[in-house]
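Accompanying notes for the structure given below.
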Amino acid sequence: QDKEKLEIRKLNDPPSAETVRDMIKYARNVIEEFRRAKHYKYILCLTLTPLVCELLEICELSLDKMGAVFEDSNVYMLHMMYQAMGVCLYVQDWEGALRYGQKIIRPYSKHYPSYSLNVASMWLKLGRLYMALENRTAGVKALKRAIAIMEVAHGKDHPYISEIKKELEDH
């Protein structure tokens with residue numbers, strides 16, 4: 001699946017091999033920079049809001065730059081979208097987190113095995129976001145998809161599954 005995971009945009013004038021190599025190098029560097037910045041800022045700062053916004057800006061700028069060459073399904077794009085989603089969740093920007101999650105779920109479902117807990121986790125996050133944003137229909141659908149995967153991965157009697165089913169009953 002490497003070709004799918006490193007998918008390049010289909011453009012009238014395709015990027016050169018050198019451009020793609022440079023973008024991969026950029027992506028790896030920005031991911032590492034983001035990890036360092038996140039670690040550094042979380043350790044040193046008690047009030048994170050302005051710094052969290054800076055982390056989101058790093059994600060958005062790198063997504064814009066990489067998006068000129070890479071498809072959204074590219075692993076480097078997915079990594080930055082996942083980080084951006086995490087920052088949105090941290091600052092309680094539910095709409096922003098949902099937008100990133102919706103972009104992530106289809107490629108995750110393609111890249112990971114059918115019963116991957118990574119996919120289940122993303123469906124769980126999406127379901128909870130839909131519920132928080134009062135879109136019950138989409139929330140129930142997403143949570144049921146998470147449950148279906150988790151029942152295979154964990155077994156039908158796992159406490160996580162009971163917890164999610166209770167969430168569904170309570171809404």
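Just so it is clear, the values below take in all heavy atoms, side chains as well, and ignore hydrogens, waters and symmetry mates.
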Taking all non-hydrogen atoms of both residues into account, name the closest pair between Met80 and Ser62 and its distance.
CE-OG, 3.4 Å

CD1/Ile164 to CG/Leu143 distance, rounded to the nearest 0.5 angstrom?
7.0 Å

Would the distance check show the side chain of Ser116 and the main-chain N or O of Pro113 forming a donor-acceptor pair, the cut-off being under 3.5 Å?
no

Decide, yes or no, whether a salt bridge links Asp72 with Arg9 under the criterion of side-chain N to carboxylate O below 4.0 Å.
yes

Starting from the C-alpha separation in whole Å, work towards a yes-or-no answer on side-chain contact (heavy atoms from CB on, under 4.5 Å) for Met150 and His158.
CA-CA 8 Å; Met150 292 172 81; His158 196 280; 5.9 Å; no

Asn135 side chain to Tyr130 main-chain N or O, any donor-acceptor pair under 3.5 Å?
no

Derivation of the side-chain contact (heavy atoms from CB on, under 4.5 Å) call for Tyr100 and Tyr82
CA-CA 7 Å; Tyr100 284 113; Tyr82 187 82; over 6 Å; no

Minimal non-hydrogen separation, Asp93 against Gly96, with atom names
OD1-N, 2.9 Å

Locate the shortest heavy-atom distance separating Ala68 from Leu11; write the atom from each residue and the value.
O-CD1, 3.8 Å

For residues Ile161 and Lys165, determine if any side-chain heavy atom of one lies less than 4.5 Å from a side-chain heavy atom of the other.
yes

When you measure from the side chain of His154 to the backbone N and O of Ile149, does any donor-acceptor pair fall under 3.5 Å?
no

When clusters are formed by joining ILVMFWY residues with side-chain heavy atoms under 4.5 Å apart, either directly or through shared neighbours, do Ile58 and Met81 land in the same one?
yes

Enter the distance from Lys103:NZ to Met85:CE here, rounded to the nearest 0.5 Å.
13.0 Å

For Glu134, is the CD atom crowded, meaning more than 12 foreign heavy atoms sit under 6.0 Å from it?
no

Is it the case that the side chain of Ser109 and the backbone of Ile105 share a donor-acceptor pair, with hydrogens and angles ignored and the cut-off at 3.5 Å?
yes

How long is the gap from CZ on Arg106 to NZ on Lys110, to the nearest 0.5 Å?
10.0 Å

Under a 4.0 Å N-O cut-off, is there an ion pair linking Arg128 with Glu163?
yes

Tyr115/Glu151 under side-chain hydrogen bond (donor to acceptor under 3.5 Å, both in side chains): CA gap, chis, key distance, verdict
CA-CA 9 Å; Tyr115 297 104; Glu151 283 180 339; over 6 Å; no

With rounding to the nearest 0.5 Å, note down the distance linking CG in Leu129 to NZ in Lys125.
9.5 Å

Do Tyr160 and Leu124 come within less than 4.5 Å of each other through their side chains, counting heavy atoms only?
no

Do Trp94 and Val140 sit in one hydrophobic cluster, given that two such residues count as connected whenever their side-chain heavy atoms are within less than 4.5 Å of each other, even indirectly?
no

Asn118/Ser121 under side-chain contact (heavy atoms from CB on, under 4.5 Å): CA gap, chis, key distance, verdict:
CA-CA 5 Å; Asn118 291 318; Ser121 173; 5.7 Å; no

Considering all heavy atoms of both residues, which atom of Asn74 and which atom of Glu7 are nearest to each other, and what is their separation?
ND2-O, 3.3 Å

Between Val87 and Leu78, is there a shared hydrophobic cluster once you connect ILVMFWY residues whose side-chain heavy atoms come closer than 4.5 Å?
yes

Cluster link Trp123 to Met131, ILVMFWY, side chain under 4.5 Å
no

Looking only at heavy atoms, the pair that brings Ser73 and His111 closest together is O-NE2, 2.8 Å

Using ring pair (Phe, Tyr, Trp, His ring centres under 6.0 Å) as the criterion, list what pairs up with Tyr108, not counting sequence neighbours.
Tyr112

What do you reckon, is CG of Asp157 surrounded by more than 12 foreign heavy atoms closer than 6.0 Å?
no

Any chain of hydrophobic side-chain contacts (each under 4.5 Å) joining Ile104 to Leu117?
no

Note: Ala27 and Met66 closest approach over all heavy atoms is CB-SD, 3.3 Å

Evaluate Arg28 against Ile24 for side-chain contact (heavy atoms from CB on, under 4.5 Å), listing each step before the verdict.
CA-CA 6 Å; Arg28 288 179 177 160; Ile24 289 172; 3.8 Å; yes

If we only count heavy atoms from C-beta on, is the Met23 to Lys65 side-chain gap below 4.5 Å?
yes

